[in-house]
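Single-structure report; data block below.
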Amino acid sequence: MKTIGIIGGGQLGLMIAEQAHLLGVRAVALDPAPDAPAFRVCDDHIVAAYNDAEALERLCRQCDAVTYEFENVPGDILIPLSEKYNIPQGYKPLYDSQDRLREKSNAREHGLQTPRFAAVDDEASLRTAVRELGLPAVLKTRTLGYDGHGQMVLKSGADIERALPLLTVPCILEEFIPFDSEASIVMVADRERVVSFPVGRNIHRDGILDLSIVPAAADPEVLERMKLQSERFMRACGYEGILAIEYFIRGREIYFNEMAPRPHNSGHYTIEGCTTNQFRELVRYLIGEPLQEPQLVAPTVMKNILGQDLEAAREVEKENREGVYVHIYGKTESRPKRKMGHITFVGMTGETYEKEWADRFVR
Ligand code: AMP
């Protein structure tokens, strides 16, 4: 029996472990929190910090292959480990995505269009960047930002003053894209092929993903181009394993926003909405099984359940309706804006969700 290791024990680790079990594979997770959600379903776990080299080595020693669901694993630990153990995705896709400046430069170098951007380190470089890119523009910290944390939209000159406190760390200023919609794609690649999941339209609220609607209602040519350019990009960068890319769509233009070399929140719909899912294909990649091309089963909507919606989600779960799949991650502490679960509605369009379901959750 094969064993996979997961650096990180959040909901992504939980769902990787669930799919591993369905494939007859054991799973071990490492996380600093003793009550990490993935620990409930893993065969074994290690409570340790992500920079605890000895603990990470212990994880690698007991696994046939190791992956990460946590993006900020430090390179000075992961690189030596990947030379000794089987961490097939390696450090490169993490390295390329850990810093927004590097991430966007890398996307551009490998053929993707990005919003125009400039590095910003202090007031002078911020003012120069604003002159170059114009306003509105989005200021983001280069590292450790997520779900809209560590960013600010600058609309007028007066906002420059307000933005100065962010500049205690290196930042990036990006042109603001007045997009028609946001979309994302999840791909899994091995040496032979890249398989990709149908593109979903993503709706964010307060910088956090709220809904994924699949298929994305966009021009089919634009969606096809997004798929082809994403697969080409993954190959050109030499990445293997899993990669998610988030885009802005404006008219016929596609702008790269960010990427993550791990399962993605917008891909949770694939568990029931597709013939195979992002977690399962990642596990198949890790254990060296051939990848399967996914097909969409039916139009699908995924609703993220944050702390404020947890009670409503439990009510939906009790109703046990056909095509409605409630996932509660079992986090011990519920907080507003914390991702506590998700619900997948298979056989539902965005319009039907809006009419029949949206009012059941906090607006
Ligand atoms: P991020 O953390 O970079 O994904 O940003 C969070 C959200 O902020 C995105 O999903 C967009 O809704 C919005 N956003 C970020 N960057 C831009 C941009 N350059 N133009 C317009 N909206 C943006």
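Counting starts at 1 for both ligands and their atoms, in listed order.
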Pairs of nitrogen or oxygen atoms closer than 3.5 Å, one from Phe248 and one from ligand 1: do any exist? no

Please say which of Arg363, Lys339, Arg205 ends up in a salt bridge (charged side-chain N to carboxylate O under 4.0 Å, His left out) with Asp210. Arg205

Taking the ring of Tyr325 and the ring of His342, is the distance between their centroids below 6.0 Å? no

Quick check: Lys140 and ligand 1, any N/O pair under 3.5 Å apart? yes

Interfacing atoms of ligand 1 (cut-off 4.0 Å, heavy-atom, His204): 10 (O)

I'd like to know whether Ile271 forms a side-chain contact (heavy atoms from CB on, under 4.5 Å) with Gln19, so could you lay out the CA-CA distance, the side-chain angles of the two residues, the decisive distance to 0.1 Å, and finally the verdict. CA-CA 9 Å; Ile271 298 176; Gln19 294 299 320; 4.2 Å; yes

Measure Asn257 to ligand 1 on non-hydrogen atoms and call it side chain, backbone, both or neither using the 4.0 Å cut-off. side chain

For ligand 1, note which part of Glu182 has a heavy atom under 4.0 Å away: side chain, backbone, both or neither. side chain

Tell me if the centroids of the rings in Phe70 and Tyr50 come within less than 6.0 Å of each other. yes

Can you list the atoms of ligand 1 that are under 4.0 Å from a heavy atom of Phe179? 12 (O), 21 (C), 22 (N)

Glu132 with Arg116: basic N within carboxylate O range, under 4.0 Å: no

Check for me whether Tyr255 has a heavy atom closer than 4.0 Å to any atom of ligand 1. no

Atom indices of ligand 1, in the order listed, that fall short of 4.0 Å to a heavy atom of Val138: 17 (C), 18 (C), 19 (N)

Under 6.0 Å from the ring centre and within 45 degrees of the ring axis: does the NZ or CZ of Arg102 meet both conditions for the six-membered ring of Tyr95? yes

